[in-house]
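This structure is a prediction, so every number in the text was calculated from the model and none was measured. Throughout, a chain's letter reflects where its sequence line sits, starting with A, and its residues are numbered from 1.
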There are 2 protein chains.
Amino acid sequence: MSDSVVLDPVDLEILRLLQNDARMTYRELAAAVGVAASTCLDRVARLRRGGVILGQVLRVDPARLGRPLEALLSVQVRPHRAELIGPFVERVRALPQARALFHLTGPDDYLVHVAVAGPAALQRLVLEEFTARREVARVETRLIFGRWECGPVLPPAPAESGPGPVG
Amino acid sequence: MSDSVVLDPVDLEILRLLQNDARMTYRELAAAVGVAASTCLDRVARLRRGGVILGQVLRVDPARLGRPLEALLSVQVRPHRAELIGPFVERVRALPQARALFHLTGPDDYLVHVAVAGPAALQRLVLEEFTARREVARVETRLIFGRWECGPVLPPAPAESGPGPVG
DNA sequence: GGTGAAAAAGGGCATTC
DNA sequence: GAATGCCCTTTTTCACC
């Protein structure tokens, strides 16, 4: 977890490719990037050690798991104090319906991304797990029509005018 | 891509484990789940074919890539017509700062999750890529204090009273 | 269980500061 | 001349049948 990880164009290209498909072999990676496979291995190991690569996870389709309806819940927690929001966060994270949780600035303290079986399940989730709790002052529910996870965070082209300081 | 994928507790446990760490070997997976490694292989292949498993991606730390500040932008696109929102969505997805994009019900049409280098970069992004566009009627920016991606979407325990219909 | 392939591990060579 | 990065080779492990 050294905090002085400097990234060159090769690192960026490796990250970009692996973000799209982490199952690529080092051979394929090497061919695409233009270095030796062992070099790719070294680079990836270094990025792992440096904390740039946090892990490798499975992308699963919630609809195929019986949760085709997704929504965002804006939640006000009042009073907004540490001893209340700690348990709140833990409780939300433990919900199987929860996909993501954001602590935000602004009038709504939290935004919760959930996936449920349908409208009835959504209603039940909101009523039983959120508004029923004393520290939850307000919940606003918005349905998700469509969602795009644009993983990159990286410039699509490896380096043209330079992506700026990334060390 | 058959749409009749029925999941049993073994499938759910496999998915749950691989969602936390997709680098697990089939041996480790088999030991954890309590079945043969070849069975795990078959199950995972079936889940891939069935579209339950969409892929395997790298989790990267945006802060280590020079984008330590994250925010959510609520965007109103007016008029909210298909010929305007198509290009808008494509444009947003092409931004290297964009991490996710949601199309929502409610007064705000889109929610964009972005990661930037700092407040100045955020201001520049909002002004140049959003409010400068004619179809963007309003942008509301909220900073992200903290974020938890609770990947699961699955019950934490494999099966106690039954996770309900998930086929 | 067996086979072929991929991932680690180790060492040599070049380049740089 | 010490260090770093790249590449090749070997060993080990894993995926797949």
Side-chain angles (χ1 to χ4, degrees), chain A residues 1-61 64 151 154-155 157-160 162-167, chain B residues 1-2 5-61 64-66 151 154 158:
Chain A
M1 281 288 178
S2 70
D3 50 1
S4 64
V5 179
V6 181
L7 301 171
D8 67 6
V10 172
D11 291 317
L12 291 174
E13 186 66 7
I14 287 174
L15 288 173
R16 200 179 66 77
L17 289 165
L18 287 181
Q19 271 190 333
N20 290 329
D21 177 17
R23 279 189 49 161
M24 280 182 80
T25 67
Y26 288 111
R27 276 193 228 288
E28 295 170 320
L29 204 56
V33 176
V35 297
S38 53
T39 302
C40 284
L41 191 72
D42 292 343
R43 295 298 189 108
V44 171
R46 182 167 142 274
L47 291 170
R48 278 188 200 283
R49 282 196 309 271
V52 177
I53 294 176
L54 295 172
Q56 195 164 321
V57 297
L58 219 59
R59 274 173 30 77
V60 170
D61 186 355
R64 295 296 180 107
L154 294 164
E160 23 190 296
V166 284
Chain B
M1 280 292 176
S2 69
V5 180
V6 181
L7 302 171
D8 66 7
V10 171
D11 291 317
L12 291 174
E13 185 65 7
I14 286 174
L15 288 173
R16 199 179 66 77
L17 289 165
L18 287 180
Q19 271 189 335
N20 291 330
D21 177 16
R23 283 189 72 193
M24 280 184 80
T25 66
Y26 288 110
R27 281 194 224 289
E28 295 169 320
L29 203 55
V33 176
V35 298
S38 55
T39 303
C40 283
L41 190 73
D42 293 343
R43 294 302 187 104
V44 171
R46 182 167 142 275
L47 292 170
R48 279 188 198 283
R49 282 197 309 272
V52 177
I53 294 176
L54 296 173
Q56 195 164 321
V57 297
L58 220 59
R59 274 173 29 79
V60 171
D61 186 355
R64 294 296 180 108
L65 291 169
L154 295 165

Legend entry - B:R16/B:D11 under salt bridge (charged side-chain N to carboxylate O under 4.0 Å, His left out): CA gap, chis, key distance, verdict: CA-CA 9 Å; B:R16 199 179 66 77; B:D11 291 317; over 6 Å; no
Inset, instruction - Starting at CG of A:L47, measure out to CG of A:L54 and round the result to the nearest 0.5 Å. - result: 11.0 Å
Inset, instruction - Quick one: pull up CD in B:E28 and CG in B:D21 and give me the separation to the nearest 0.5 Å. - result: 7.5 Å
Inset, instruction - Between A:R23 and A:R43, just flag the one whose closest nucleotide in DNA chain D comes earlier from the 5' side. - result: A:R43
Inset, instruction - Map A:G34 and B:R27 onto DNA chain D by nearest heavy atom, then report which one ends up closer to the 5' terminus. - result: A:G34
Legend entry - Sugar-phosphate, base or nothing in reach of A:S38, heavy atoms under 4.0 Å: base
Distance check needed: [N] [atom2] versus [X] [atom1], whole Å only.
{"X": "A:D42", "N": "C:dC13", "atom1": "CG", "atom2": "C1'", "value": "15 Å"}
{"X": "A:M24", "N": "C:dA5", "atom1": "CE", "atom2": "P", "value": "19 Å"}
{"X": "A:R46", "N": "C:dA8", "atom1": "CZ", "atom2": "C1'", "value": "18 Å"}
{"X": "A:I14", "N": "D:dG5", "atom1": "CD1", "atom2": "P", "value": "13 Å"}
{"X": "A:L7", "N": "D:dG5", "atom1": "CG", "atom2": "P", "value": "12 Å"}
{"X": "A:Y26", "N": "D:dT13", "atom1": "OH", "atom2": "P", "value": "17 Å"}

Inset, instruction - For the side chain of A:L41, starting at C-beta, report the closest nucleotide among C:dA7, D:dC8, D:dC14. - result: C:dA7
Inset, instruction - Compute whether any side-chain donor of one residue and acceptor of the other, for B:R48 and B:Q56, lie under 3.5 angstrom apart. - result: yes
